[in-house]
Amino acid sequence: MPELPEVETVRRGLEVIRNKKITEIFRSNKKLRFDSTIDIKKIVNSEVIDIKRKARYLIIDFSNNKTAIIHLGMSGRISIKDQFIKLKHDHFAFKINNQEWLIYNDPRRFGFIDIVKTDKIDDHKMLARLGPEPLSDNFNSNYLSKILNNKTINIKTAMMDNSVVVGVGNIYINESLFDSAISPLRSCKTLKKNEIEKLINSIKKIIAEAIKLGGSSISDYQNTKGEFGYFQNLLKVYDRSNQDCYRCNAKIERVIQNGRSSFYCKSCQF
DNA sequence: ACGTGTACCTGCACGC
DNA sequence: TGCGTGCAGGTACACG
């Protein structure tokens, strides 16, 4: 489900649990990406003191010096509901202040929850090798040129690597490459400085706009209130194979790169 | 050290 | 209707 804009939308929705107490916990016996032996009961009776996001990870700090790291995988969804009536694929749930429930549902189970000591969070193996946030000043053309100069892989695969830049997934990299008129097939090394600048600007613009619109609801993404995002209405290439290019009217092509679909226009992306 | 392919899992849309 | 196939927002790892 989620790239950075969707996770950020969920994070904002979780603000309603700030300063509230976890009064009860449910955990299914199904394994998520990590084993089900992680003891999430450690946070019962503690209060939520902060809700952050790093890359596509939700980071929830608790008053007892514990932190929950949650990733939504491909199909994870968090909702806040008045009642907890367990549905298929509900894998954990927190009762909040004895009144509402935060419920995690994930059919494919590629997501996870882990609980670590708050001061050890950066040691977590999933957070260890993350590149800059796309909207931060650290993600700039000096930084990116240095990285791309050494790479022989295609630009699309490189930009989806979380050690290069975080949170840019298959939807938004396809859109960003279209916006900057760069072919996803280009070898990193061949990008000129002005193209790198264009690409960075497109990524920043598109990610920011998608956050503003509450993310993209392609199939099942919803925010914590069960509402859909709107950015999918603005998608220009993603999932548009054989349809007309909005810029030049040629047909959008679909190719597979590193096992993922890429959509692009052969006649106006170079 | 880097690049590629595969595994993890369920559900859905499609064609026969 | 039913079955087989391919595809889906991500990430880590095992190979060459």
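Throughout, a chain's letter reflects where its sequence line sits, starting with A, and its residues are numbered from 1. Excluded from the calculations below are hydrogen atoms, water molecules and symmetry mates; all remaining heavy atoms, backbone and side chain alike, are included.
Proximity of A/N162 to the phosphate of C/dT11: a side-chain N or O atom is located under 4.0 Å from OP1 or OP2. Between A/H89 and B/dC9 there is no side-chain N or O to OP1 or OP2 distance below 4.0 Å. Taking side-chain N and O atoms only, A/K125 has a distance below 4.0 Å to OP1 or OP2 of C/dC13. Residue A/H71 places at least one side-chain N or O under 4.0 Å from the OP1 or OP2 atom of C/dT11. Residue A/R260 places at least one side-chain N or O closer than 4.0 Å to OP1 or OP2 of C/dG10. Regarding contacts with the backbone of C/dA12, every side-chain N or O of A/R129 stays at 4.0 angstrom or more from both OP1 and OP2. For A/R56, a side-chain nitrogen or oxygen approaches OP1 or OP2 of C/dG10 to under 4.0 Å. Phosphate contact (OP1/OP2 of B/dG3, side-chain N/O of A/K151, threshold under 4.0 Å): present.
For A/S262 and A/Q257, the side-chain atoms include at least one donor-acceptor pair closer than 3.5 Å. A donor atom on one side chain and an acceptor atom on the other are found under 3.5 Å apart for A/S261 and A/R254. If you check the side chains of A/N105 and A/D90, you find a donor sitting under 3.5 Å from an acceptor. No side-chain donor-acceptor contact under 3.5 Å links A/Y246 and A/D244.
Considering A/K21, A/K20, A/K81, A/K225 as possible partners of A/E100, the one that fulfils the salt bridge (Lys or Arg N to Asp or Glu O under 4.0 Å) test is A/K20.
Closest contact between the side chain of A/T152 and the listed nucleotides C/dC13, B/dC2, B/dC9 involves B/dC2. Considering only the side chain of A/M126, C/dT11 comes nearest among B/dT10, B/dC9, C/dT11.
Per the geometry, CE belonging to A/M160 stands 13 Å off P belonging to C/dA12, to the nearest Å. Across the protein-nucleic acid pair, A/H124 atom NE2 and C/dT11 atom C1' stand 13 Å apart, rounded to whole Å. Here B/dC14 presents its P atom at 11 Å from CG of A/D239, a figure rounded to the nearest Å. Rounded to a whole Å, the CG atom of A/L72 is 13 Å from the C1' atom of C/dT11.
In this entry B/dC9 has no Watson-Crick or G-U wobble partner, no candidate having both defining distances under 3.5 Å.
The base of C/dA12 lies outside donor-acceptor range of the side chain of A/R33, with no N or O pair under 3.5 Å.
The same atom, P, is picked in B/dT6 and in C/dG6; the two are 14 Å apart, to the nearest Å.
A/F231 comes within 4.0 angstrom of no nucleic acid atom, judged by non-hydrogen atoms across all strands.
When each of A/N258 and A/R109 is assigned the nucleotide of DNA chain B bearing its nearest heavy atom, the one mapping closer to the 5' terminus is A/N258.
Both thresholds, 5.5 Å between centres and 30° between ring planes, are not jointly met by A/F110 relative to the base of C/dT11, so the two rings are not stacked.
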